[in-house]
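Okay, so here's the structure we're looking at.
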Amino acid sequence: INRIAVLTSGGDAPGMNAAIRSVVRASGHFGKHVYGIYRGYDGMIKGSIKRIERHEVGNIIHRGGTILKTARSYEFFTPEGRQRAYETLKAHNIDACIVIGGNGTYTAAMIFSEEFDIPMIGIPGTIDNDIFGTDFTIGFDTALNTAIDAVDKIRDTADSHNRVFFIEVMGRHTGHIALHTGIGSGATGILIPENNVSIEELVDQLRKGVKRGKLFSLVIVAEGNKNGGAAKIAESVAEHLPELESKVSIIGHLQRGGAPSCHDRVLASRLGASAVTALLDGKTNKSVGIINDEIVFTEFSDAISADKSPKKSLIEMTNILS
Ligand code: F6P
């Protein structure tokens with residue numbers, strides 16, 4: 001392996017730049033050249049690829065977003081699209097690829113590496129923390145810090161006005177962000193896809209809080225929970241508790257931006273360098289992760305489909321603490 005391509009794909013996550021830097025620096029250390037593909041798999045199809053020199057990744061470790069840009073490519077999920085992508089790689093004599101992203105990125109890499117003789121290694125980069133085979137994905141910690149900072153600010157005004165706030169955080173399929181933000185903010189209610197809390201149960205929790213003399217409450221809602229978005233939940237609760245004054249706040253894409261936390265920078269640096277050594281050791285079709293502080297490799301198929309729900313004990317604990 002002499003030429004390694006790197007791309008970021010799907011939703012961006014703080015720390016992706018630190019991972020790119022690590023891939024470039026580690027490859028250089030072993031005398032390999034790195035090519036950056038712009039806008040994910042779309043760029044692979046369209047030939048948006050260029051050599052990245054060591055100095056070009058200076059001063060990016062602390063930056064949010066991704067210098068390689070990102071996209072969600074639908075064309076790559078067609079055989080013609082993948083054939084064109086392969087031709088781009090061949091035209092630039094690329095021997096292997098490192099893809100940084102989440103579930104969609106990994107699914108695409110898995111299909112591609114089964115069809116073509118290009119080794120692929122994945123680095124888990126998504127704020128959702130929903131990739132199996134790593135304790136944490138790149139961006140999750142930063143997104144949590146952003147969310148908790150926002151919730152702390154909302155808490156001030158909720159407290160001043162004696163209001164109930166329904167705060168929606170990201171997390172399409174999993175409730176990691178909502179669960180951690182909810183625990184970290186001492187929320188009265190946490191609604192995530194994994195705990196299936198019903199409106200009636202939430203109303204009950206809020207009522208109990210009022211009985212105990214609670215003057216304001218925070219309810220953290222994962223966008224993927226079964227009861228709908230924060231606005232819909234607020235409306236449903238109001239039907240049962242019209243006496244409570246409620247407000248809705250959707251934190252949204254704020255969670256995807258900003259300077260990565262130190263945790264995410266270190267995680268990204270370790271995963272980037274390990275992805276390079278994995279390719280040089282002949283590994284392919286795998287995701288690199290860290291479990292209990294050790295580097296581990298997981299087949300793409302497992303990384304995508306094995307259960308990465310929050311721990312049951314953590315979910316149960318919220319019933320005791322709220
Ligand atoms: O997968 C990361 C994520 O931020 C999800 O939490 C969210 O549902 C989705 O991406 C939003 O994607 P987009 O920015 O394309 O709307």
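For reference, positions follow the sequence shown, starting with 1. Order of listing sets the numbers, starting from 1, for every ligand and every atom in it.
Around atom NZ of Lys69, no more than 12 heavy atoms belonging to other residues, nucleotides or ligands sit under 6.0 Å away. The local environment of NZ in Lys208 is sparse, with at most 12 non-hydrogen atoms from other residues, nucleotides or ligands closer than 6.0 Å.
Within 4.0 Å of ligand 1, counting heavy atoms only, the contacting residues are Arg72, Thr126, Ile127, Asp128, Met170, Gly171, Arg172, Glu223, His253, Arg256.
Side chain of Asp128 to backbone of Asp130: no donor-acceptor contact under 3.5 angstrom is found.
Residue Val276 is grouped with residue Val24 when hydrophobic side chains (ILVMFWY) are merged at heavy-atom distances under 4.5 angstrom, including chains of intermediate members.
Remark: Arg82 pairs with Phe76, Pro79, Ile111, Phe112, Glu115, Phe116 by the side chain to side chain contact (heavy atoms under 4.5 Å, CB included) rule, at least two apart or across chains.
The aromatic ring centres of His263 and Phe140 sit 6.0 Å or more apart.
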